[in-house]
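In what follows, a single structure is set out as structure tokens and then discussed.
Counting starts at 1 for both ligands and their atoms, following the listed order. Model, not experiment: these values are computed from the prediction.
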Amino acid sequence: MTLKQQNNPITEVDAVVIGAGFSGLYMLYRLREAGFSTKVVEAASGVGGVWYWNRYPGARCDSESIYYNYSFSEELYKEWTWSSRYPEQPEILRYLNFVADKFDLRKDIQFNTRVNSAAYDEEQNRWQVQLDSGELVSAKYFITGVGCISTANLPNIKGVDQFKGGWYHTGHWPHEKVDFTGKRVGVIGTGSSGIQSIPVIAKEAAHLTVFQRTPQFSVPAKNRPYDPEFIRQTKENYQEIRRQMRETPIGVGAQYRDRSILDDTPEERQKVLQEAWDKGGWHILFAYNDLITNEEGNKLVADFVRSKIQEIVKDPETAAKLAPDHYYGTKRAIIDTDYFETYNRDNVSLVDVKKAPIQEITENGIRTADGEYELDVIVFATGFDGMTGSLFKIDIKGRDGVSLKEKWENGAQTRTYLGLTTAGFPNMFMLTGPESPSVLGNMPAAIEQHVEWVSDCLEHLRENNVAVIEPEGKAEDEWSHHCRELADATLYVKTDSWYTGANIPGKARGFQIYVGGYAPYRQICDEVAEKDYEGFSLTVAEQTTPS
Ligand code: N01
């Protein structure tokens, strides 16, 4: 229904969802199926979320494609065919467009529109959501599907405006192809985005200079086209794939081997790690059950990967610069195609900007403490303000006008119940929010679980005439405490990374992700629902008696 207020239209819906990526699309589908009127608001001109924006060369997924999709519809699963083990960004974007078409989702998505603010109106028990188009959406439920890593981190380096060449951030890549042919290109950053794009850019550019602040561990993806027979069998085993996405620790079918790193002899360990290396992808992560908690054991795995870097990279000085010294797997475990091999090319050089920091961007390139590097193009592969960045970009206000940013002390202290809800913000849900398992695994699996939990919850509220759902302070305190306790027992918290917020100058350090694994988390959420939403306060709507 559309009303008018101060010449701006007001749309009234049951639910407003921000974002038309994996989470927003499925949320819309589920709510529509359940009979809730729903509006999705999306800043981009199309569906896809991170896959809409991250169009940089070499962008692909690091979960195997047969798991990197929805599993809610057998028909959908069987209709779509992935071409390779790790699909490239254009293929994933085609998949999400295919989903949007198949379920006719676009008609409820407003594209090219940003949400500026969302405020809970206590008197009316509704969320008033202000769009940058001037429109207002009034909704009973406010649901964020803004992604965990979607707000680009463009470092504040002096002089970028005076650079005469072109510059791009990997997370906001142009739709047109950027042609590097014959150009001197500089890439700043060696996280997943840098490591995926560097080998591709190197093949095109006249010269590529990589500006590395922190070397990263990476293992070969061993990407390959899928054999049609394998795909046929996968589709036949749809139920089993769905079960694996729901019941395995990170939603990609694999289980941790039930053995400590320290239980193996050096020879056994070498054999296990070599086999995992040869299989490619995330196999090393699953080779032992204590990689992320066992300091001594982690070092042994890190030594193994460091030895591989030394073997691959021919120039010993470059190889030494590329050797990471953090705990393996505590920054995102990266998988690559020919990343370290790329440093054997004559047209590639590596600059250590920890030793000689970047001082400024000049008209002609990048000046570090060591000198000036002349460039035609600069690529910022400098990552994102993760977990809270995209939530804080929207002015979200709950009860008594308190903003989410204030409540979470500007990110210093996120407080949620189950990573889905936060006290003081009634009828608001965050899909893959802070303190949920989200990024520590296969995102579509995490997203399906969240979306299904939220839509089941809304149906329960409707059936029981509940007007307001809100977590109790005690349940929230216990959940946030539990998340911190689990994280503090791991090596994640000892490494500077976007997980800990260390990549953003001035951001408080924390670890806002539930590390207990997808399957246990699902069980906890299910138990909460089964116990009549234990830990939440549910307020039944007042009945109006007919006179
Ligand atoms: O970002 P990052 P990303 N001067 O933060 C460096 C997902 N993802 O876009 O480590 C110089 O990992 C920074 O250095 P340091 C995935 O979850 C997935 O690569 O902070 N350097 C680092 O090297 C991933 O983890 C895929 O010292 C600066 C790099 O920039 C997440 O997105 C593909 C700097 C940033 O690395 C983020 O990955 C791509 C400065 N001022 C991304 N500021 C898949 O495969 C930052 N850096 C699905």
Report yes if some N/O of [X] lies less than 3.5 Å from some N/O of ligand 1; otherwise report no.
X: N503; answer: no
X: K331; answer: yes
X: W51; answer: no
X: A381; answer: yes
X: Y56; answer: no
X: T170; answer: no

Requested in this report: Start with the C-alpha gap between Y86 and S63, add the side-chain angles, then the distance that decides, and say whether side chain to side chain donor-acceptor pair (under 3.5 Å) holds.
Outcome: CA-CA 7 Å; Y86 297 105; S63 294; over 6 Å; no
Are the side chains of [X] and [Y] in touch, meaning some heavy atoms are under 4.5 Å apart?
X: M430; Y: L420; answer: no
X: L105; Y: Y26; answer: no
X: Y70; Y: L25; answer: yes
X: T432; Y: V439; answer: no

Query raised in the report: With a cut-off of 4.0 Å, which atoms of ligand 1 are near a heavy atom of F384?
Result: 9 (O), 37 (C)
**Report entry** Contacting atoms of ligand 1, where contact means under 4.0 angstrom from a heavy atom of G383
**Finding:** 1 (O), 3 (P), 5 (O), 9 (O), 35 (C)
Query raised in the report: Nearest heavy atom to atom 40 (C) of ligand 1: which of R213, K354, R60, Q216 does it belong to?
Result: R213
Query raised in the report: Using a distance-only test with no angle check, is there a side-chain donor-acceptor pair under 3.5 angstrom linking T151 and D385?
Result: no
Any idea which protein heavy atom is nearest [atom], and the distance to it?
atom: atom 7 (C) of ligand 1; value: I149 CD1, 3.3 Å
atom: atom 11 (C) of ligand 1; value: I188 CG2, 3.6 Å
atom: atom 5 (O) of ligand 1; value: W498 CD1, 3.6 Å
atom: atom 9 (O) of ligand 1; value: S193 OG, 2.6 Å
atom: atom 36 (O) of ligand 1; value: G191 CA, 3.5 Å
atom: atom 26 (C) of ligand 1; value: S192 CB, 4.0 Å
atom: atom 6 (C) of ligand 1; value: G189 CA, 3.7 Å
atom: atom 27 (O) of ligand 1; value: T214 OG1, 2.5 Å

Report summary line: Exactly one of Q512, E435, R415, Q413 clears side-chain hydrogen bond (donor to acceptor under 3.5 Å, both in side chains) with S480, and that residue is E435
Requested in this report: May I ask you to decide if E341's main-chain N or O and D338's side chain share a donor-acceptor pair within less than 3.5 Å?
Outcome: no
Query raised in the report: Can you check whether N153's main-chain N or O pairs, donor with acceptor, with T382's side chain at less than 3.5 Å?
Result: yes
Report task. May I have the step-by-step check of side chain to side chain donor-acceptor pair (under 3.5 Å) for N364 and T362, ending in yes or no? Result -> CA-CA 5 Å; N364 300 317; T362 64; 5.3 Å; no
Query - Approximate separation, where rounding is to 0.5 Å, of Y373 OH and I361 CD1 - result: 14.0 Å
Query raised in the report: Which bit of F211 is near ligand 1, meaning a heavy atom under 4.0 Å away: side chain, backbone, both or neither?
Result: neither
**Report entry** Non-hydrogen atoms of Y514 and C483 that approach each other most closely
**Finding:** CD1-SG, 4.0 Å
Query raised in the report: Can a non-hydrogen atom of T190 be found less than 4.0 Å from any atom of ligand 1?
Result: yes
